[in-house]
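Remember, it's 1-based here, ligands and their atoms both numbered in the order they're listed.
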Amino acid sequence: MKIAFIGSECYPFVKTGGLGDVMYALPRALVREGCEARVILPLYNCIPDKFKEKMVYQGSFMMDLTSDGRTFYVGIMESVMDGVTYDFIDNREFFDWGNPYTGLWEDIPKYCFFSKASLAILNYLDWIPDIVHCHDWQAGLVPLYLRTKFDSTPVGRARSIVTIHNLRFQGICGIEHLKYWSGLSDMLFDYPVLKHNENEANMFKGGLAYADRVTTVSSTYAREIQTPDYGEGLDGHLRYHSGKLSGIVNGIDVELWDSAADKLLAAQYDRNSVLACKPLNKNALQKALGLEPDGEKMILGLISRLTDQKGLDLVNDILPHLIDGNTQVVVLGTGDPRYENAFRYYESKYKGTVCAYISYNEGLAHQIYAGADALLVPSLFEPCGLTQLIAMRYGTIPIVRETGGLKDTVEPYNWDEDTGNGFSFNWYDSGLLLGAINQAKSLFFTERARWDKMVCRDMEKDVSWERSAAQYLELYRSLER
Ligand code: ADP
């Protein structure tokens with residue numbers, strides 16, 4: 001089976017969040033299952049030179065795009081890594097700036113071009129997939145192009161799947177702007193497809209309507225987005241299409257996230273050595289971040305984009321209540337200045353106890369996953385969430401809100417039966433978050449043997465891609481012609 005993955009980011013070339021991880025791990029897992037996988041990405045300027053240097057030119061052509069028939073250069077640069085072929089679409093006009101995103105006004109033309117060029121290069125390369133698997137709004141137009149402009153071309157035989165990683169971002173803009181840049185027929189700009197409201201069009205909405213199947217990254221999120229609270233305005237549209245909507249929870253790449261071979265750690269460990277090694281990693285983390293180097297302290301970590309989605313207002317509300325002489329807090333993230341400044345303030349107020357590392361730093365993320373005792377993920381909504389999975393893999397106990405993939409992957413600790421993987425709370429309320437943290441603290445400080453058992457249990461939990469990849473494969477097969 002041949003699958004083309006179309007999306008706007010993919011680790012290690014370019015990544016701003018979980019989408020980048022999925023675009024990396026899922027194709028690799030499918031290749032291990034015997035599939036052929038190609039990943040199609042924009043050749044952004046921000047992709048590091050070390051990757052660009054290894055790419056090989058495969059050809060180029062001109063492609064018409066806009067409603068007035070303007071044509072644009074499409075170059076194809078390719079590299080192969082661990083059995084997965086990566087095709088990068090080259091066009092300086094669209095991809096020369098941004099990290100990789102710019103602003104919606106520029107991103108709309110950029111991803112119209114990308115969506116259409118992705119199908120065009122498959123024809124050009126004469127590599128015709130069974131499935132085009134499109135990710136998030138940036139690839140939202142692919143199913144529409146597939147069933148219109150490409151329907152009677154070789155790639156038209158492919159079936160399409162759209163995966164929703166985050167419904168908050170939909171690619172909404174003025175109808176005329178999208179009509180011009182997509183070159184799609186006026187007929188599609190009606191309410192069941194691309195029309196969002198009187199004046200606006202919605203790329204994601206169109207893709208969801210035209211896709212053969214829609215998936216999202218957890219079953220709970222698949223249910224949640226059909227309600228007004230989580231539907232981001234598309235709940236009615238999703239309820240209408242609910243027959244083709246399902247949830248498949250993400251995994252993590254267990255080679256990339258392998259505490260036993262992680263060179264970034266002060267001490268590598270597996271399930272048998274975690275209890276001996278965690279203190280060493282904790283000590284190294286405390287030293288690296290200027291925290292009081294005290295092995296008795298409980299470290300609460302938070303690794304996140306600093307946006308409203310991640311429940312940071314709850315954390316800000318209660319942070320002073322966490323400072324009890326026995327607890328340290330480490331925040332790694334960038335984003336909304338409101339949160340960046342709040343965490344910086346807490347760091348200066350509680351020097352040596354709170355650290356706010358306001359930046360994107362892969363290495364430090366690994367060290368926090370290994371050195372912290374618990375990880376906070378109190379999201380307002382969370383389609384799947386990867387940080388809780390990585391945390392468990394590294395023997396760090398997740399404290400999560402029961403939403404989306406957090407609910408599907410973290411079984412709350414049961415005091416009576418001594419089972420579970422973490423701590424959780426349901427309503428979006430800072431008091432409840434504090435309650436969950438206090439429960440974790442009770443277990444950590446008063447019932448350490450039970451805590452340690454949970455650490456080992458979490459490290460053993462299967463959070464790998466293999467299970468998810470098998471479910472995707474089943475879905476692809478169900479679409480085979
Ligand atoms: P989202 O995709 O909504 O940002 P996920 O939990 O799905 O959230 O994925 C977040 C990914 O990004 C994880 O791999 C996490 O380790 C990583 N990450 C987030 N913020 C940072 C940061 N500041 N530095 C390093 N890694 C980060």
Side-chain angles (χ1 to χ4, degrees), residues 7-12 14-26 99-101 135-138 163-169 216-218 220-221 225 230 232 247-259 262 264-265 285 288-289 301-312 315 330-337 339-340 343-344 355-372 375-394 396 398-401 403-410 422 463 465 468:
S8 59
E9 47 184 276
C10 176
Y11 176 86
V14 53
K15 169 182 152 180
T16 69
L19 168 63
D21 288 320
V22 176
M23 290 283 289
Y24 167 77
L26 179 57
N99 258 330
Y101 309 114
H135 298 265
D136 272 352
W137 76 265
Q138 292 89 347
T163 293
I164 302 169
H165 296 265
N166 193 338
L167 196 58
R168 176 143 290 184
F169 309 106
T216 183
V217 286
S218 67
T220 297
Y221 192 59
I225 55 178
Y230 293 86
E232 305 285 347
I248 299 176
V249 86
N250 288 334
I252 55 170
D253 190 295
V254 290
E255 283 171 25
L256 194 67
W257 295 106
D258 179 6
S259 56
D262 191 333
L264 297 159
L265 307 187
L285 183 67
L289 297 180
L302 192 152
I303 302 173
S304 179
R305 288 184 292 118
L306 302 182
T307 66
D308 288 338
Q309 177 197 332
K310 298 295 181 177
L312 302 164
V315 180
V330 175
V331 176
L332 170 64
T334 55
D336 190 333
Y339 296 124
E340 292 186 348
F343 286 122
R344 283 194 185 105
C355 169
Y357 201 97
I358 304 301
S359 107
Y360 190 92
N361 188 320
E362 287 273 347
L364 183 58
H366 283 246
Q367 287 148 12
I368 296 172
Y369 287 122
L375 191 88
L376 303 179
V377 200
S379 305
L380 175 62
F381 67 95
E382 195 60 77
C384 176
L386 297 174
T387 58
Q388 84 281 10
L389 301 180
I390 304 169
M392 288 191 276
R393 188 82 191 158
Y394 275 55
T396 297
I399 302 176
V400 306
R401 178 160 173 259
T403 182
L406 300 172
K407 183 169 176 179
D408 292 355
T409 57
V410 178
V463 291
W465 263 105
S468 325

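- Those atoms of ligand 1 with a heavy atom of Gly17 less than 4.0 angstrom away are 2 (O), 4 (O).
- The aromatic rings of Tyr11 and Tyr24 lie perpendicular to each other, with more than 60° between the two planes, well past the 30° mark.
- Across all their heavy atoms, Ala365 and Ile303 have their closest contact at O-CD1, 3.7 Å.
- Of the polar atoms of Thr16, none of the N or O atoms is found under 3.5 Å from an N or O of ligand 1, judged by distance alone.
- The two residues Ile164 and Thr216 make their nearest non-hydrogen contact at O-OG1, 2.9 Å.
- For atom 6 (O) of ligand 1, the closest non-hydrogen atom of the protein is Leu386 N, 2.9 Å.
- In terms of polar-atom proximity, Arg305 is counted as a contact of ligand 1, with an N or O under 3.5 Å from an N or O of the ligand.
- Checking Tyr394 against Asp262 by side-chain atom types alone, a donor-acceptor pair falls below 3.5 Å.
- Salt-bridge annotation for Lys407 and Glu382: absent, with no side-chain N of the basic residue lying under 4.0 Å from a carboxylate O of the acidic one.
- Thr334 and Glu340 form no side-chain donor-acceptor contact under 3.5 Å, judged by distance and modelled atom types alone.
- Taking distance alone, with nitrogen or oxygen atoms compared against 3.5 Å, Ala365 stays at or beyond that limit from ligand 1.
- Ligand 1 lies nowhere less than 4.0 angstrom from a heavy atom belonging to His165.
- In Asp21, the part holding a heavy atom less than 4.0 Å from any atom of ligand 1 is the side chain.
- A side-chain donor-acceptor contact under 3.5 Å links Gln388 and Thr409.
- Using 4.0 Å as the threshold, Gly385 has a heavy atom nearer than that to some atom of ligand 1.
- Taking every heavy atom of Gly333 and a limit of under 4.0 angstrom, the matching atoms of ligand 1 come to 23 (N).
- A donor and an acceptor atom, one from each side chain of Ser8 and Tyr101, are located under 3.5 Å apart.
- Neither the backbone nor the side chain of Cys384 has any atom closer than 4.0 Å to an atom of ligand 1 (non-hydrogen atoms only).
- Scanning both residues, Gly301 and Ala372, for their nearest heavy atoms gives N-CB, 4.1 Å.
- Taking any N or O of Lys310, backbone or side chain, at least one lies under 3.5 Å from an N or O belonging to ligand 1.
- Taking both residues in full, the closest heavy atoms of Arg168 and Phe381 are given as CZ-CE2, 3.5 Å, listed atom of the first, atom of the second, then distance.
- Taking every heavy atom of Ser304 and a limit of under 4.0 angstrom, the matching atoms of ligand 1 come to 20 (N).
- Nearest non-hydrogen protein atom to atom 24 (N) of ligand 1 is Asn361 N, 3.0 Å.
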**Q.** Evaluation steps, side-chain contact (heavy atoms from CB on, under 4.5 Å), between Leu19 and Asp136
**A.** CA-CA 8 Å; Leu19 168 63; Asp136 272 352; 4.1 Å; yes

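- Here the heavy atom of the protein found nearest to atom 21 (C) of ligand 1 is Tyr360 CE1, 3.5 Å.
- Residue Tyr369 places a heavy atom less than 4.0 Å from ligand 1.
- Ligand 1 has no atom lying under 4.0 Å from any heavy atom of Pro383.
- Screening Thr403, Leu406, Asp408, Leu167 for a side chain to side chain contact (heavy atoms under 4.5 Å, CB included) with Tyr221, the sole residue that qualifies is Leu167.
- The shortest separation from a heavy atom of Lys15 to ligand 1 is under 4.0 Å, placing the residue in contact.
- When only interatomic distances are considered, the shortest N/O to N/O separation between Thr334 and ligand 1 does not fall below 3.5 Å.
- Closest non-hydrogen pair, Arg344 versus Ala356, comes out as N-CB, 4.0 Å.
- Contact atoms of ligand 1 toward Ile390: 14 (O) (distance under 4.0 Å to a heavy atom of the residue).
- Of all protein heavy atoms, the one lying nearest to atom 23 (N) of ligand 1 is Ser359 O, 2.9 Å.
- For atom 2 (O) of ligand 1, the candidate residues are Gly405, Gly335, Gly18; the nearest heavy-atom contact is made by Gly18.
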